[in-house]
Structures are given as C-alpha cells and as structure tokens.
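Structure first, then comments.
Letters A, B, ... are given to chains in the order of the sequence lines, protein chains preceding strands, and every chain is numbered from 1. Everything quoted here is computed from the prediction, not taken from an experiment. Side-chain atoms are counted along with the backbone in the values below, which use heavy atoms only and exclude waters and symmetry mates.
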Amino acid sequence: MTWDEGLHRGAQVVADIPATGRELTYLEAIRDALRFELRRDPNVLLMGEDIGIYGGAFKVTQGLIEEFGEARVIDTPMAELAMIYAAIGMSFQGFRPVVEMQFADFISTGFDAIVQFAATNHYRWGQPVPITIRAPGAGGLRAGPFHSQSNEAWFVHTPGLKVVAPATPADARGLLLSAIRDPNPVIYYETKYLYRSLKGPVPEDDVTVPIGEAALRRAGEELSIIAYGAMVGEALAVANQLDAEGHSVEVLDLRTLKPLDEAAILATARRTGKVLIVHEANRTCGVGAEVAALIAAGAFEHLDGPITRVAGPDTPVPYSPPLEDAHRPAAPAILEAARDLLAY
Amino acid sequence: MTWDEGLHRGAQVVADIPATGRELTYLEAIRDALRFELRRDPNVLLMGEDIGIYGGAFKVTQGLIEEFGEARVIDTPMAELAMIYAAIGMSFQGFRPVVEMQFADFISTGFDAIVQFAATNHYRWGQPVPITIRAPGAGGLRAGPFHSQSNEAWFVHTPGLKVVAPATPADARGLLLSAIRDPNPVIYYETKYLYRSLKGPVPEDDVTVPIGEAALRRAGEELSIIAYGAMVGEALAVANQLDAEGHSVEVLDLRTLKPLDEAAILATARRTGKVLIVHEANRTCGVGAEVAALIAAGAFEHLDGPITRVAGPDTPVPYSPPLEDAHRPAAPAILEAARDLLAY
Amino acid sequence: MELHPDLLIRAHYYMRLARALDDRGTFLHKQSKIVGGYFSQIGHEAISVAAGLALGPDDVAAPMHRDLGTYLVRGLHPRRILAQYLGRSTGVSLGRDANLHGMGDLSLGLIGFISHLPASTGVIAGVAHAFKLRGEPRVAMCFFGDGSASQGLAHEALNWASVFQLPMVAICENNQFAYSTPLSRQMNIANIADRAAAYGIPGVIVDGNDFCAVYQATCAAVERARAGGGPTLIECKTMRMRGHAIHDNQAYVPKALLEEWATRDPLARLEATLRARGLLDDDALAALHARIERELDDAQAFAEASPYPEPGTVRDGVYA
Amino acid sequence: MELHPDLLIRAHYYMRLARALDDRGTFLHKQSKIVGGYFSQIGHEAISVAAGLALGPDDVAAPMHRDLGTYLVRGLHPRRILAQYLGRSTGVSLGRDANLHGMGDLSLGLIGFISHLPASTGVIAGVAHAFKLRGEPRVAMCFFGDGSASQGLAHEALNWASVFQLPMVAICENNQFAYSTPLSRQMNIANIADRAAAYGIPGVIVDGNDFCAVYQATCAAVERARAGGGPTLIECKTMRMRGHAIHDNQAYVPKALLEEWATRDPLARLEATLRARGLLDDDALAALHARIERELDDAQAFAEASPYPEPGTVRDGVYA
Ligand SMILES: Cc1ncc(C[n+]2csc(CCOP(=O)(O)OP(=O)(O)O)c2C)c(N)n1
Ligand SMILES: Cc1ncc(C[n+]2csc(CCOP(=O)(O)OP(=O)(O)O)c2C)c(N)n1
Ligand SMILES: [Mg+2]
Ligand SMILES: [Mg+2]
C-alpha cells in the first residue's frame with residue numbers, strides 16, 4: 001500500500017516530497033522523526049514504558065537508547081499519570097519530552113495531567129508546556145477493547161491541547177517534528193494499523209508538516225470524503241473505485257484534529273456540496289460531529305445533500321474478527337454511504 | 001426564576017407535574033431524590049468527600065447522614081479513582097451507589113474507572129454497573145477554571161455511559177430517580193448555578209423522568225433553540241423576548257445528553273427549519289456538535305438556515321467577572337445569534 | 001502445618017491444568033487460531049491456584065492476566081476459556097473481549113479483567129466494602145503485579161481498604177518484570193510487602209513458587225479478613241518464565257535468572273511434595289496428563305466448533 | 001543549632017506578612033471585593049515560610065493553597081497577589097485563574113497551583129528530574145496535604161522521585177483535616193512520613209508550628225537532595241485554624257482541638273523566640289506591623305486601581 005501519491009493540500013497541490021528516493025514505513029518515519037529531533041535538539045528526550053532497551057511495545061524507539069543513552073531515552077515506572085506530570089515538570093526546565101503511551105488506550109490513566117494541568121497552564125500563568133504525547137491508537141489488529149481505542153475526541157474537546165493524526169509516513173514524520181517543536185502540549189495519534197502496512201516517500205531533511213493544515217489527497221467535483229488516520233487509505237480506495245465508475249470524488253485528510261483546518265474543510269464542502277466524514281472513533285461527539293457542525297454552519301448554502309458520517313459504532317472495539325470487521329469503517333461501508341450521497 | 005412552566009415533551013405536551021403545590025429549589029430537588037431513593041431501596045447508598053457530617057460542599061446531602069447513618073452516607077478518603085472503582089465493586093454486590101464528585105471538574109481524576117471499567121463492563125462480560133456519578137458542573141459562579149467545568153462531552157463520546165443534565169427542579173429529581181434505578185453507569189450533571197437560583201414545582205411521589213427523552217419547553221414555528229442545563233433558562237428568556245417582538249421560537253431542553261433524543265431533535269429541526277444550539281461547554285466537539293451533526297444528516301431537507309451554535313469559547317472558564325461573563329453564553333449572545341438566524 | 005492430601009491433589013490438578021491450558025493456548029496461537037495477543041502465566045501457577053483455593057465459594061476474586069489458575073479453581077470451564085481465546089460467541093465475553101480480558105462471571109465469584117492495571121485493586125476494594133456493609137462473612141481478593149504496584153490506584157485502593165477495614169486480600173505477584181522493565185526501574189525498595197506499613201495493614205512475603213507457602217499465607221489472610229481483621233497485602237516472589245506476551249522473547253532477561261528460576265518451578269515442586277508424601281507416582285501423573293489432555297481436547301473441540309459472533313450483533317450488549 | 005538572627009528576622013517578616021495578607025484577603029472577601037472562594041492559610045505560616053527559606057534562588061517550589069508564605073518568600077509581590085484575588089489584569093494569572101490557583105512564575109521558581117491535588121507532587125518530580133538530567137545542583141520542592149496523600153498521584157510521584165533518585169523535597173502539611181474529613185477517614189496510620197519507607201527514602205516528622213524545626217528539617221533535606229542524596233518526605237504536623245475555605249465555619253472541628261492549637265500558634269512562637277533572643281521588642285513589632293500594613297495598603301491600592309481584563313480578550317492566552 002503506497003497510496004500516498006499526488007499529495008495535495010487545501011485547494012492547491014502542495015509541494016511534492018523532495019525526491020530523495022527514500023521510502024519508509026509509517027513506523028520507521030516516526031522513529032526517524034524521533035531520531036532527527038534527538039540529534040537536532042539536546043533538550044528533546046523520550047519517556048515511556050519499555051521504550052529503552054526493549055525499543056517499545058511496537059519497536060518504534062528501537063535503537064534510540066543505544067544512540068542517545070538512558071538519560072535521553074528514559075524507561076519509566078508503569079505510572080502514566082506521574083509520567084505525564086514529570087514531562088510537564090521537565091518542560092518547565094527547557095526540555096521537550098516526548099512521552100510514549102504504550103497504547104493510546106492508557107492515556108486515560110494520565111488524563112488529569114493532560115486535561116487539567118498541561119492544557120490549562122499557558123492560559124493560567126503564561127508558561128508553555130511543550131510536551132508531545134505519542135498515542136498509538138485505533139484498531140484493525142484484533143487487539144480488543146483496550147488496545148484499539150480511538151479516543152482523540154476527549155482531547156479535541158479540551159482547550160489548550162493540539163491533536164494530530166497523520167495518515168502517511170511523510171506526515172507521520174513531518175507532524176512529529178512539528179509537535180515536538182510546538183510550544184503547546186500536542187497529542188500525537190499514531191495509527192498502529194499503518195505501522196508496517198504503509199510505506200511511502202519520506203524526506204530526509206528538516207521538512208515539517210505544519211500543525212493545523214489539512215491535505216487534499218485527491219481533488220474531485222461531486223463528493224468530499226473527509227477522513228484521518230487509517231481511514232484516509234480507505235477513503236482513497238473508495239474514491240478510486242468511484243473514479244473507475246465515472247465519479248469524481250475529493251478526499252481531504254484532516255491530519256490535524258485540533259485545531260481543525262476549518263478553511264480546508266469548508267472549501268471542500270463548498271466545492272462539492274456533498275460531504276462524507278469517516279473515522280474509526282466512536283460516532284457520537286467524535287471529530288466527525290465537529291466537522292459536520294462546522295460545515296452545517298459555514299457551508300450551508302453550498303450543501304447538496306445531508307452531511308453523512310461513517311464512524312465506529314458507539315461500542316468498545318470488539319476482539320473477535322467478524323465483530324471487529326463489522327465495527328471498523330472500511331471501504332465497503334464507506335462506498336455504500338458515498339453511493340447514497342452521490343445518488344442524492 | 002420559576003420558568004419551568006408549561007412542561008412539554010416531544011411534539012406533545014407532557015403530563016403536567018401533579019399539583020402538590022410543593023416548590024423546591026433545584027438543590028432541594030436533588031436532595032429530595034436522594035432521600036426518596038435511600039428510603040425506597042436499601043441498596044442505595046451515597047459516597048463522596050465531605051458528604052456526611054458536613055453535608056457536602058454544596059450541602060446537597062445535608063441531613064442525610066443523620067437519617068440514614070454512615071453506612072449509607074459514606075464520607076470517603078480524597079481519592080476519586082478508588083471511589084468510583086469502589087462504587088463499581090459495590091454495584092457488583094447489589095448496591096446502587098451514588099457517588100458525589102465535589103465538583104464535576106474532579107471527575108477527570110476518576111476517569112479511568114468510568115471510561116475504561118464502568119463503561120465497558122456490561123459489554124464485555126454482561127455484568128451491569130448500576131452506579132450514578134453526581135457531577136456538579138458548569139459556571140457562572142466566579143469559581144475559575146477548576147470549579148466551573150462543563151466536561152460532559154468526554155462521557156457523551158464514550159460508549160456504555162449515560163449522561164443526563166437536568167434544567168429544572170422537577171427534572172433534577174425525576175432524572176436522578178431514573179439514574180439511580182438505571183442498570184447502567186449514569187453521569188448526572190447538576191448545574192451549580194441553578195442550585196439555589198431556581199425554584200419550581202416538584203412532585204412528591206415516585207415520578208421519574210425517563211432517561212433519553214428531551215422536553216419541549218416552548219413550542220414555536222420559526223426557530224428552535226436546543227439547550228440543556230442553565231442554558232435552558234437563558235434560551236427561554238430569549239424566546240420570551242423574541243415572542244414579545246412577534247417571533248415564534250421553540251425551546252428544546254435535551255435533559256439527557258447520552259443517549260440523545262434524536263427523534264425530538266429532528267422533530268424540532270424539521271418543524272422550524274432553523275436551529276440554534278446553546279451550551280456552556282467548550283464548543284469544539286461538544287454536545288452541540290453532535291446535535292448539529294444529527295440534524296445536518298437527518299433533517300437536511302427541512303433546514304432553512306445554517307445550524308448555529310452558541311457555546312463556551314474553547315478556553316478554560318476564566319475567573320475574573322468580566323471574563324467569565326464574556327465566556328458564558330447568556331441571553332444577549334443567544335439573542336443575537338437567534339436574530340441572525342431569524343433574519344436569514 | 002501439613003496440608004491435607006486431598007487439597008494437594010486438587011491443587012496439583014489445577015496447576016497442571018493451568019499449565020497445560022497455557023501450552024494449549026500457545027499452540028493455538030502458533031497455529032494462528034488465536035489472533036492478537038496472548039499472555040503466558042507459566043511460573044505463576046502456585047500463586048493463582050493457591051490463592052484461589054484459599055477462597056470460599058461465596059468469596060470474590062479479581063485475577064489478572066497471569067492467573068489462569070484462579071479462573072479454573074473457581075470453576076470457569078476451559079471450554080469457555082478457549083472459546084474466549086478463539087473469539088467465539090461461546091467465550092466468556094461472547095467474542096467481545098480479548099484473551100484473558102473480560103473473563104468475569106459473578107456466579108463464579110470472578111471479576112473480569114481490564115487492561116488498565118491495577119483496576120482489580122479498586123474494584124475489589126468495592127466488593128469488600130459491600131461485604132463489610134452487609135456484614136457478610138465474605139472475602140474479596142485482588143491480584144496485581146510489581147509493575148502495577150507503581151500505579152496510583154494500588155495506593156488508593158489499599159488505603160481505602162484499610163481506612164474502612166475491609167475484608168480484602170491483595171496478592172502482589174512480584175515476577176520481577178513489568179513487560180521489559182525490571183524491579184529496579186519500578187521501585188527503590190526490596191519488598192513490595194513493606195508498603196503494607198504505609199496503610200497500617202499486615203504485609204506478608206511469601207515464596208510464590210511454593211504452593212504450600214502461598215496457600216498458608218493466603219488462608220491466614222482470608223481468615224483474618226473474614227473475621228473482621230481487615231485487609232492484608234501478600235507479596236508472592238516469583239518469576240515470569242515467558243516473555244511479557246507471546247511476541248516477546250524476553251531477550252532482556254538474564255539467562256541465568258531464568259535458569260535459576262527454572263529449578264524452582266512451582267509445579268515440579270508441588271509434584272516433589274506429592275511424591276514425597278506418597279500422593280503421586282509416575283502412573284498417577286501419566287493418568288493426570290491424559291485426563292487433562294482429554295479435557296483440553298474437548299474444550300478445544302468445543303471452541304473450534306463454536307460459531308463466531310454474528311457481525312450483525314456488533315452494536316449489541318453495550319447497555320444493560 | 002541556633003539559627004542566625006537575620007534569618008529569624010526575615011522569617012518573622014514573612015510570617016507576619018503572610019498572616020496579614022491572609023487577613024487582608026478575608027477582609028476584602030467580606031467586602032465582596034473578592035468573589036468566589038477564598039482560602040485561609042492561618043496556622044501554616046511556619047511551614048510555608050521555613051520551607052521557602054530553605055530553598056536557594058535557583059530552586060523551584062510548587063506550593064499549594066495554604067502556602068502564601070512560600071510565594072512571598074520567593075518574591076511574588078503582594079501587589080500581584082491581591083490583584084489576582086481581585087481578578088484584575090495585573091494579577092499573576094491576568095484575571096484568568098482564581099484565588100491562589102495559577103500563581104506561577106518560573107522567574108521566581110514558582111509553579112502555579114491547580115485544584116487537582118496533589119498535582120504539585122507530579123510536576124515537581126519532573127522539575128527535579130530535569131535538574132538531575134542536567135546535573136544542576138538545584139532542588140525542587142512540593143507541598144501537599146494530608147487529604148492529598150490519599151491520592152494515587154502522591155504515591156506515583158514519590159516512587160518516581162525515588163526510582164530516579166531525584167533532588168526533590170516533598171512537604172506534607174498534615175493539618176489534620178481535608179475539608180471536613182479528619183485524618184481517621186483519610187488513613188489508618190499515625191504518621192504520613194512513615195510512608196517514606198514505601199519508597200526507600202527518608203521520612204521526617206516535624207512540628208509544623210515551630211519555624212526553627214521546619215527550617216532545619218527542610219534545610220537538611222534540601223542539602224541532601226542537592227548533594228545527590230535523593231528525595232525526602234517531610235511531614236509537618238499542624239492544624240488548619242480556619243475553615244476549609246471562607247464559607248466554612250468548621251463546626252465539625254472540636255473546639256478543644258482549635259483551642260489547643262491556638263496555644264501553639266507558629267507566629268506567636270517565633271515571636272517568643274525572637275524576644276527571648278533579644279531580637280524583638282514591642283517597638284520593633286509595632287514598626288513591623290506598620291510596615292506590613294503600608295505594604296498591603298499599597299498592594300491593595302494597586303490591585304483596586306488595576307483594570308479588569310477586557311471582555312474582548314476572553315479567547316486569548318490558551319496557546320503559546
Ligand atoms: C495503566 C496501564 N499501563 C500500561 C499497561 C500496559 N501493560 C500491560 S501489562 C504491563 C506490565 C505489567 O506488569 P506487572 O504489573 O508486573 O504484571 P506482569 O505482566 O508482570 O504479570 C504493561 C506495562 C497497562 N496494562 N495498564
Ligand atoms: C482531586 C481533587 N479532589 C477534590 C478536591 C476538592 N478539595 C479541595 S481542597 C480539598 C481538601 C484538601 O485536603 P488537604 O490535602 O489535607 O489540604 P488542606 O486543604 O487541608 O490544606 C478537597 C477535597 C481537589 N482539590 N482535588
Ligand atoms: Mg510483573
Ligand atoms: Mg489537610
């Protein structure tokens with residue numbers, strides 16, 4: 001799967017990735033970003049459970065403790081709340097900690113530190129909290145209710161945080177560089193499903209992807225599919241299929257979930273008049289709801305059909321393969337919804 | 001303020017409150033529900049910080065330890081996470097614990113127990129978790145960022161929970177009875193602002209308000225204002241004002257935030273074609289986003305204007321009076337938005 | 001005190017069964033019949049079985065992911081366990097939860113496990129609280145690990161149990177690692193049991209690979225709890241003999257450590273005791289093996305013959 | 001060891017200032033100039049001032065809601081504090097945060113307080129971790145209460161500090177109540193300091209109303225931390241002399257207990273010491289009072305003359 005071609009942004013085609021010829025998996029791109037930042041800035045450090053000698057539950061940090069030592073790649077006790085608080089404290093002294101949650105699911109254990117302290121600090125006394133929390137999320141891997149969560153909406157709702165969710169190796173790298181350099185707390189949702197299944201061109205140089213900018217992955221006339229994370233690939237598959245059937249479908253990859261790229265969202269909605277929003281996260285009050293609400297307010301006169309969402313049903317993510325497959329939005333369900341909208 | 005007259009539900013007028021003549025404040029209605037349930041069901045018990053001898057930070061539980069003893073009105077250590085876990089464990093043995101968060105803001109400290117354990121348990125192994133968590137929320141009381149939060153969207157997004165937010169004394173009582181009897185975990189958002197400022201008729205008998213049913217507080221033709229909590233009163237004030245100006249405005253009180261009363265929401269949207277959603281909670285990914293998304297999908301053909309939200313800005317709730325007043329949606333801001341929509 | 005022969009024979013059955021079921025799971029995982037994660041409990045059998053046997057039928061346990069023995073002792077049928085592993089609709093969680101998660105059944109006094117460690121400590125404090133409020137002579141037992149001990153909840157729950165003097169027994173399975181993290185990165189003390197003093201409750205250290213020792217310590221704590229004496233923290237020193245989960249070859253564990261602990265295998269030790277007391281010989285062992293293999297063959301056949309959940313049920317079961 | 005006269009005189013000034021500022025706040029609250037909550041720190045002056053004075057200029061402290069003394073010692077001007085109380089744009093949090101919350105200023109080595117107790121323990125562990133990583137001879141100090149000690153975070157943070165051997169001093173202000181909740185409902189042990197053993201760090205108990213005792217204990221801990229000796233937990237036994245917050249008449253506190261503690265007032269005790277050592281007489285005290293009143297008059301005038309934040313700025317400041 002290397003569907004990350006013809007990278008677009010907003011209404012225009014964005015600059016192509018420098019043709020270094022380098023292709024990395026999504027996972028390698030994350031590691032590459034971490035290494036790049038660890039080399040570039042002595043204040044960057046990594047913290048998490050089993051990220052050192054073991055290289056992390058998914059081996060994202062493999063090799064980094066060997067290169068940077070245990071003062072910069074810190075294996076921590078199993079204590080997410082203290083971990084995130086510690087990262088905040090370190091950031092007050094100029095460090096730029098990148099905290100790995102072993103799975104995004106465990107971010108709830110450190111919730112207070114994120115939503116109460118980190119999110120409010122700059123507002124309350126002007127001190128920035130430049131921490132990044134890496135949250136390996138989402139499903140499709142038969143990992144059950146506690147290792148498959150897409151809980152980004154908790155943080156998208158919470159002021160003071162930024163939330164990103166890259167869908168390509170290049171964005172995985174570029175957004176992580178931006179996240180680490182951002183003076184605000186950033187939750188970086190990485191999609192486990194893409195770790196090894198997705199490969200793509202990734203620049204070697206200091207190429208960041210700005211936080212807050214969506215990317216138009218495919219331009220079209222009749223329908224906009226708005227997605228993020230692994231669902232971008234599904235959306236593109238659907239768009240290709242519909243293309244083959246003579247339809248013209250646009251795919252907008254949100255990339256940043258907070259702040260949402262309202263301009264890009266409204267632009268695509270205005271352009272096509274029909275919007276299909278796709279995410280794995282539970283439907284109710286998910287990011288899709290906000291996107292729909294933005295469009296219903298800001299592109300009302302351009303709409304030619306109901307704003308439609310295809311999202312994870314409001315249940316935990318089930319383990320059993322037939323159940324998980326029924327739960328996870330994938331090309332068939334998206335296709336059906338897209339056809340309904342096109343026919344509307 | 002006793003604006004809770006002409007209680008409607010859905011498109012029809014719902015049964016009026018039995019004319020017992022009893023008027024209670026919102027706070028007294030909550031206490032009355034707790035006492036009613038403690039008397040009715042020996043398995044009901046209360047837990048929380050300072051709820052016993054002290055009667056609770058807001059005196060909601062005042063007098064209850066005297067009547068029911070300390071085995072049923074349990075002053076706990078200051079440990080929200082253990083508290084909610086303990087409630088879950090008690091519920092497994094047939095108790096119906098009602099847990100008081102001292103402020104809704106501290107619910108984040110017990111977050112894991114709610115979203116990971118309580119919310120998923122019935123799904124995972126069929127064992128219900130009949131606990132109620134009382135969360136005194138929202139602002140307007142000069143209480144600053146940590147005693148004014150409206151964080152209900154975290155839980156509205158999380159499958160397995162129910163979330164209610166009464167706006168009247170009668171609903172405060174009726175929904176609390178329903179919450180306690182519900183076999184599922186229910187987060188009961190009570191609005192501190194209304195505790196003593198709102199008085200209204202409250203039945204004495206076993207009159208419950210069903211979870212999942214919105215109430216039409218006022219019927220109208222031109223515009224629907226959808227709100228909950230203290231914003232219902234603001235919405236009604238605006239509706240009255242517009243009424244005086246010759247407009248006909250409908251006010252839907254959501255009452256239950258999860259599950260949302262989709263039918264009532266769509267019905268009002270279809271009826272008036274113009275929808276204004278109001279809540280104190282931060283705007284992005286708030287309950288208003290979900291309501292807007294539901295309408296944008298389900299009432300598209302009936303819409304005569306952009307779905308509009310008036311919500312708390314995406315910032316913590318500020319302390320300083322001029323700032324808090326600017327933050328909290330109130331009649332003037334709602335009126336302006338309503339006028340825009342009416343003129344659309 | 002010498003333990004009763006019947007007890008030892010029962011214990012032996014369950015420990016063997018736990019190990020064989022563990023092996024069976026590994027086998028099924030290799031065959032890709034189990035997908036996703038799989039946790040081995042090898043090395044933990046004495047703890048999970050002994051603590052389980054120390055409980056009475058009306059007591060309640062919240063085991064964690066290496067306590068297969070406790071589930072078995074309390075009567076959770078291997079059929080339901082293997083069906084759970086295979087994601088079938090006949091599994092404990094009806095295919096909804098993964099591996100040892102969500103294997104709860106209150107009719108057996110078992111609380112289903114969630115990943116977020118150590119939830120068991122909090123929820124069991126609540127169960128014990130219920131027993132205390134009702135004046136019932138019942139005991140609630142939780143299990144948690146050395147890694148889990150670093151979590152705030154472990155502190156809150158033990159403190160809660162002590163403040164309310166609850167009939168709770170907390171078993172800390174110190175297997176020296178939390179995933180790849182050694183004890184030294186988890187704490188700066190020699191014994192987790194020493195934390196009992198932070199709550200004013202007894203702390204007991206026991207050889208977690210010695211069935212008799214664990215049994216006696218847990219029985220004493222259970223009796224104490226039942227008699228109104230409040231909670232006890234028991235630290236069982238043991239060693240995780242496999243990786244954290246099946247994908248993990250635990251290269252980070254010194255070989256010598258594993259070899260040393262291999263000589264203290266809890267099952268071998270119980271068998272030696274049984275033999276020394278004339279309660280086991282080669283024939284009996286072979287017969288036991290055969291019986292267990294039959295039981296597991298049956299369970300596997302049941303599981304494999306069981307249907308997957310219907311995709312159409314994907315929205316079911318969230319609410320009671 | 002006798003403390004230096006200059007130190008005692010400085011301490012006296014800050015303790016008096018803290019108390020007078022506290023009284024001024026109460027007064028302003030009664031006048032409805034402060035709206036919302038208001039926390040008194042009366043009884044805590046010895047702790048907050050002594051611990052604050054034990055720190056060096058490059059050290060960092062995370063005080064809690066009864067540590068006015070620490071803020072003052074570290075140089076937070078009463079003008080900014082009163083402006084904060086009054087919700088003015090010149091307050092530490094520019095009117096955004098309430099009363100003692102959010103009074104952070106890293107240029108003074110002060111971390112702003114959040115309600116969610118005991119956040120101070122976690123964030124200070126991180127600050128101490130930073131010092132350790134950089135090899136800087138700096139110390140980080142947090143304050144938390146007896147109620148806060150029941151929170152999981154207190155456990156996680158102390159354990160973290162010990163595992164990494166961080167230069168951290170944790171001051172537990174045991175004032176015997178958490179809101180209305182007495183110690184017996186919070187824990188089943190006599191001394192919170194005894195929990196230090198759960199982390200393998202020194203635990204020290206000190207009379208929290210004795211400035212000299214607190215100062216010496218915190219200095220020792222600070223020196224130890226600075227020298228690489230790791231964290232210390234210091235429990236200061238004291239009494240909260242007012243209600244939890246201004247609305248609370250603390251009817252639940254036995255009168256006798258308050259009366260007993262009134263005889264141990266930390267300020268009166270320090271003054272007695274000063275007099276005994278010839279460092280204070282009635283004239284000097286009167287002069288000090290007058291000076292402090294002038295300072296507070298100035299601060300109040302500043303605060304009252306300060307503008308409220310502009311409503312139009314309501315969306316500002318969330319992001320850096
Ligand atoms: C709150 C939380 N954080 C992280 C994890 C991921 N995780 C699963 S098991 C484990 C190690 C647990 O160690 P321990 O408590 O010692 O139990 P053991 O696996 O050794 O039996 C970790 C880190 C988790 N389950 N829960
Ligand atoms: C996590 C959390 N829960 C509840 C509260 C509400 N609350 C504010 S102060 C307080 C009591 C704190 O007691 P203690 O730690 O002893 O400090 P003290 O007020 O006695 O100085 C409580 C319960 C809070 N601030 N944080
Ligand atoms: Mg372990
Ligand atoms: Mg206290």
Side-chain angles (χ1 to χ4, degrees), chain B residues 42-43 45 47 69-72 74-97 99 109-131 158-162 182-186 211-212 258-259, chain C residues 60 62 84 91-94 96-98 101-107 109-136 138 140 142 151-164 166 168 315-320:
Chain B
N43 287 317
L45 59 77
M47 283 204 288
E70 61 170 37
R72 299 189 66 202
I74 305 174
D75 272 321
T76 71
M78 190 179 140
E80 286 78 5
L81 187 59
M83 196 188 305
I84 297 171
Y85 267 121
I88 296 169
M90 290 174 178
S91 83
F92 286 167
Q93 297 304 314
F95 283 105
R96 299 251 163 186
V99 182
T109 310
F111 199 64
D112 249 1
I114 302 171
V115 303
Q116 302 293 357
F117 204 112
T120 67
N121 206 70
H122 186 267
Y123 179 77
R124 298 184 308 108
W125 53 282
Q127 182 66 32
V129 181
I131 65 170
T158 305
L161 304 173
K162 296 187 177 181
D182 198 282
N184 300 289
V186 181
I211 293 177
K258 189 179 186 74
Chain C
V60 170
Q84 160 99 357
V92 192
S93 76
L94 315 181
R96 292 174 187 155
D97 212 341
H101 297 79
M103 295 213 310
D105 184 340
L106 276 187
S107 73
L110 285 169
I111 288 179
F113 173 70
I114 71 166
S115 279
H116 293 66
L117 292 166
S120 59
T121 61
V123 76
I124 275 296
V127 171
H129 211 143
F131 295 159
K132 167 104 178 190
L133 287 171
R134 290 242 171 77
E136 293 174 334
R138 297 165 72 185
C142 67
Q151 290 278 347
L153 178 57
H155 167 73
E156 292 191 12
L158 288 172
N159 187 50
W160 185 286
S162 178
V163 164
F164 293 105
L166 305 180
M168 167 161 153
R315 286 163 202 274
D316 295 355
V318 178
Y319 291 96

Which answer fits Leu110(C), side chain, backbone, both or neither, if we ask what part of it has an atom under 4.5 Å from a heavy atom of chain B?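 When you check distances to chain B, only backbone atoms of Leu110(C) fall under 4.5 Å.
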Top contributor to chain B contacts, counting heavy-atom pairs under 4.5 Å, from [options]:
options	answer
Ala157(C), Ala140(C), Ser93(C)	Ser93(C)
Ala128(C), Ser115(C), Gly104(C), Ala161(C)	Gly104(C)
His155(C), His129(C), His116(C)	His116(C)
Val92(C), Ile114(C), Asp97(C)	Ile114(C)
Val163(C), Leu166(C), Ile111(C)	Ile111(C)
Ile124(C), Val60(C), Asp105(C)	Asp105(C)

Using heavy-atom distances under 4.5 Å, tell me whether [X] contacts chain C through its side chain, its backbone, both, or neither.
X	result
Gln116(B)	both
Met78(B)	neither
Glu70(B)	neither
Ser91(B)	neither
Asn43(B)	side chain
Leu161(B)	backbone

Look at the aromatic rings of Tyr85(B) and Phe117(B) and report parallel, tilted or perpendicular, splitting at 30° and 60°.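 Perpendicular.
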Ring-plane angle category for Phe92(B) and Trp125(B), please: parallel below 30°, perpendicular beyond 60°, tilted otherwise.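 Phe92(B) and Trp125(B): perpendicular rings.
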Go through His122(B) and Gln127(B) one step at a time and tell me if the side chain to side chain contact (heavy atoms under 4.5 Å, CB included) criterion holds. CA-CA 5 Å; His122(B) 186 267; Gln127(B) 182 66 32; over 6 Å; no
Does the side chain to side chain contact (heavy atoms under 4.5 Å, CB included) test come out yes or no for Met90(B) and Leu45(B), once each step is laid out? CA-CA 10 Å; Met90(B) 290 174 178; Leu45(B) 59 77; 3.9 Å; yes
Looking only at atom types and distance, does a side-chain atom of [X] sit under 3.5 Å from a main-chain N or O of [Y], one as donor and one as acceptor?
X	Y	result
Arg96(B)	Asp182(B)	yes
Arg138(C)	Ala130(C)	no
Ser162(C)	Asn159(C)	no

Just so I understand: if I count every heavy-atom pair under 4.5 Å between each of Ala82(B), Ala71(B), Pro183(B), Pro159(B) and chain C, which residue has the most?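 If we count pairs closer than 4.5 Å to chain C, Ala82(B) comes out on top.
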Non-neighbouring partners of Leu94(C) that pass side-chain contact (heavy atoms from CB on, under 4.5 Å), sequence neighbours left out: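 For Leu94(C) the side-chain contact (heavy atoms from CB on, under 4.5 Å) partners, ignoring immediate neighbours, are Arg96(C).
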Answer yes or no on whether Arg134(C) is positioned over the face of Phe95(B), meaning its NZ or CZ is under 6.0 Å from the six-membered ring centre and within 45° of the axis.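 Yes, a cation-pi geometry holds between Arg134(C) and Phe95(B).
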